[in-house]
Amino acid sequence: MKILVSACLLGLPTRYDGRSAADERVLSLLERHDLIPVCPEQLGGLPTPRPRCEIYGGCGWTGKERVLDEFGSDRTENFLKGAETTLKVARLLKVDLAILKSKSPSCGKNFVYDGSFSGRLVPGKGVTAFLLEKNGLKVFEENEVFVNNNDLL
Ligand code: SF4
């Protein structure tokens, strides 16, 4: 299978703090699948390291919120550009599904931070996860793929 994967899960130092979020379970998929790393926030033109960003509004991304950084600057356009470019990569390479990093304002699929920068999570999606799903791609968080001997992969 061809699988689009959040670059940070593969050990690439793309996170806002310049670190990775390497996940050995995801890396082990390389033995049987083609993994394609993407970082929507970098693809959207944001630097690394970069200020933390959250989706303002308390319900994740539904298509009309704003994404602000921790200093109050509006980064929505960067997040939209990153999501659209990630969708282009998915289509270009005809990926079968995506495994994205949980809780990220771009990649989160089930929960994201609520926009108050207080560490509170709310049910909701990141900008890229939302757009990929809206366009018919199957999206999973890293933790969903490996629960209960999921035979997806
Ligand atoms: Fe990882 Fe996604 Fe954040 Fe990039 S935007 S660092 S891939 S969680």
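Values in this document were obtained by computation on a predicted structure and should not be read as measured data.
- Counting all heavy atoms, side chain and backbone alike, P40 lies closest to T128 at CB-OG1, 3.2 Å.
- Ion pairing between a basic and an acidic side chain is recognised when a charged N comes within 4.0 Å of a carboxylate O; E133 and K125 show such pairing.
- The backbone N or O of S102 lies less than 3.5 Å from a partner atom in the side chain of E142, making a donor-acceptor pair.
- The main-chain N or O of V67 is found under 3.5 Å from a side-chain atom of T76 such that the two form a donor-acceptor pair.
- E77 meets the salt bridge (Lys or Arg N to Asp or Glu O under 4.0 Å) test with no other residue; sequence neighbours excluded.
- S116 and E54 share no donor-acceptor pair across their side chains, judged by distance under 3.5 Å alone.
- Residues I55 and G60 come closest through the heavy atom pair CG2-O, 3.5 Å.
- Atoms CG and CG, on L131 and L87 in that order, are 5.0 Å from each other to the nearest 0.5 Å.
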Point to revise | Test side-chain contact (heavy atoms from CB on, under 4.5 Å) applied to R75 and L68, step by step | key: CA-CA 5 Å; R75 302 295 179 198; L68 303 179; over 6 Å; no

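- Interatomic distance, L46 CG to D69 CG, rounded to the nearest 0.5 Å: 9.0 Å.
- Scanning for side chain to side chain contact (heavy atoms under 4.5 Å, CB included) contacts around L43 gives V38, T85, T86, with sequence neighbours left out.
- Annotation: side chain of L12 is not in contact with side chain of S20 (no heavy-atom distance under 4.5 Å).
- Residues F140 and V145 approach most closely at CB-CG2, 3.6 Å, considering heavy atoms.
- Distance check: Y56 OH to F117 CZ gives 11.0 Å after rounding to the nearest 0.5 Å.
- A salt bridge (charged side-chain N to carboxylate O under 4.0 Å, His left out) check over residues 13-25, counting only residues at least two apart or in different chains, returns the pairs R15-D17, D23-R25.
- Considering only residues two or more places apart in sequence or on other chains, D96 meets the salt bridge (Lys or Arg N to Asp or Glu O under 4.0 Å) condition with none of them.
- Inter-residue side-chain proximity for V26 and F146 is flagged as met; some heavy-atom pair is nearer than 4.5 Å.
- Considering only heavy atoms from C-beta on, F79 comes within 4.5 Å of S106 through its side chain.
- Residues C39 and T14 come closest through the heavy atom pair SG-CB, 3.8 Å.
- Using a 4.5 Å heavy-atom cutoff, the side chains of L80 and W61 are in contact.
- Applying the salt bridge (charged side-chain N to carboxylate O under 4.0 Å, His left out) test to residues at least two apart or on different chains, the pairs with a partner in residues 104-116 are K109-E144, D114-R120.
- Looking at residues two or more places apart in sequence or on another chain, you find a side chain to side chain contact (heavy atoms under 4.5 Å, CB included) between I3 and M1, V5, H33, L35, L97, I99, L153.
- In this structure, the side chain to side chain contact (heavy atoms under 4.5 Å, CB included) partners of A98, at least two apart in sequence or on a different chain, are L4, L100, L132, L137, V139.
- Between Y16 and P51 the shortest heavy-atom distance is CB-O, 4.4 Å.
- For the salt bridge (Lys or Arg N to Asp or Glu O under 4.0 Å) test, no residue two or more places apart in sequence or in another chain qualifies with E84.
- Residues satisfying the salt bridge (Lys or Arg N to Asp or Glu O under 4.0 Å) criterion with R91, sequence neighbours excluded, are absent altogether.
- Of the inter-residue distances, the one linking C53 atom SG with R66 atom CZ reads 12.5 Å to the nearest 0.5 angstrom.
- Here salt bridge (charged side-chain N to carboxylate O under 4.0 Å, His left out) pairs that include residues 29-41, with residues two or more places apart or in two chains, are E41-R50.
- For T62, the side chain to side chain donor-acceptor pair (under 3.5 Å) partners at least two apart in sequence or on another chain are K64, E65.
- Smallest separation of non-hydrogen atoms from A129 and C107: CB-O, 3.7 Å.
- Scanning for side chain to side chain contact (heavy atoms under 4.5 Å, CB included) contacts around V112 gives V122, with sequence neighbours left out.
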